Amino acid sequence: MTDKEERAHSMPHSGEDAARAERMPDTPQTRAPAYKLAFTDREFLLRKELRPVRLQLELLKPEMIMDERGIESTVVLFGGARIPAPEHADAARTPTLGELSRYYEQARRFARIMTERSLATYGREFVICTGGGPGVMEAGNLGAEEAGGQSIGLSIVLPHEQAPNDYVTPDLCFNFHYFAIRKMHFLMRARAVTVFPGGFGTMDELFETLTLIQTGRMKRIPILLFGREFWDEVINWKALARAGTISDDDLNLFRYVETADEAVEIIDDWETPCT
């Protein structure tokens with residue numbers, strides 16, 4: 001408890017009462033679940049009726065911590081968890097994954113350059129933000145660390161155990177239960193979104209971002225797709241426009257890039273288009 005919190009009001013701090021409750025005499029009444037303070041009662045907090053509260057907590061915790069760290073904007077890296085570092089390309093599950101390892105290095109370099117920009121703002125702007133996992137995400141956090149800056153990792157609990165990569169700044173390493181809240185945190189502070197080759201998760205994140213911009217729910221920011229050959233093979237964008245399911249103008253919502261330097265140049269020169 002800080003001095004500021006002590007001066008805020010004369011009532012006992014919630015932490016103080018939680019500690020006092022732990023020291024209560026052991027009686028049938030104090031052992032009963034009903035007697036537990038609501039905010040320390042794990043079983044109560046995990047009830048289905050408390051889902052709205054848990055959603056709010058997942059929104060608030062990262063938001064408050066990033067505010068306290070002074071983080072005003074981020075640069076997001078989406079991309080495949082299975083893409084290996086170049087030195088491990090020969091052990092990749094498929095030849096294509098091995099070839100895509102070049103984007104690990106581009107993600108690493110891009111994150112390093114953008115973190116150098118971030119350091120010039122004392123870590124307030126252009127903070128690298130990834131999903132906290134392996135592959136392209138690891139490369140992004142690694143590049144930020146190599147530049148001497150901080151980076152964010154937004155992990156999520158999955159059926160198979162997966163720890164955050166070793167390069168996420170520990171104080172900015174978050175864990176989520178709700179995909180929807182995690183997605184909000186990816187985009188709430190984003191000044192640019194880079195999307196490297198990936199699978200279902202990457203596609204989901206890309207299309208959600210494009211939909212938010214297309215529908216005017218989010219302002220235009222650079223959406224940069226690394227690897228034209230990959231994206232043109234897996235998504236027939238022009239066919240969507242020809243079919244009329246998207247407009248021709250929607251094809252301008254994103255740009256292709258091949259290198260970190262190209263991506264940085266677009267971000268540096270970006271002017272928000274008129275709507």
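Note: hydrogens, waters and symmetry copies are ignored here, and every other heavy atom, side chains too, is used. What you see is a predicted model, and the numbers here were worked out from it, not measured in a lab. We're numbering straight along the sequence, starting at 1.
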Item to check | Heavy-atom check, side chain of Phe78 versus side chain of Phe186, under 4.5 Å | outcome: yes

Item to check | Interatomic spacing from CD1 in Ile266 to CG in Asp261 - rounded to 0.5 Å | outcome: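 Separation between the atoms: 11.5 Å.
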
Checklist entry - Linking I/L/V/M/F/W/Y whenever any side-chain heavy atoms sit under 4.5 Å apart, do Val168 and Val136 land together? => result no

Item to check | Between Trp237 and Phe254, ring centroids under 6.0 Å | outcome: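 Close enough - the centres of the two rings lie under 6.0 Å apart.
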
Item to check | Close aromatic pair by centroid cut-off 6.0 Å: Trp270 and Phe126 | outcome: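 Ring-ring flag for Trp270/Phe126: false, centres at least 6.0 Å apart.
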
Output yes when [X] and [Y] qualify as a salt bridge under the 4.0 Å nitrogen-oxygen rule, no when they do not.
X: Glu146; Y: Arg108; result: yes
X: Glu125; Y: Arg191; result: yes
X: Arg102; Y: Glu105; result: no
X: Arg189; Y: Glu72; result: no

Item to check | Any donor-acceptor N/O pair, Gln150 side chain to Gly123 backbone, under 3.5 Å | outcome: yes

Checklist entry - Do Ile181 and Leu55 pass the side chain to side chain contact (heavy atoms under 4.5 Å, CB included) test, and can you show the C-alpha distance, the side-chain angles, and the key distance before you say yes or no? => result CA-CA 7 Å; Ile181 302 300; Leu55 284 161; 3.8 Å; yes

Checklist entry - Given Glu58 and Arg54, is the side chain to side chain contact (heavy atoms under 4.5 Å, CB included) satisfied, shown in steps? => result CA-CA 6 Å; Glu58 285 211 342; Arg54 294 195 299 273; 5.8 Å; no

Distance-only side-chain donor-acceptor flag, [X] / [Y], under 3.5 Å:
X: Tyr256; Y: Glu262; result: no
X: Asp250; Y: Ser247; result: yes
X: Thr259; Y: Gln106; result: no

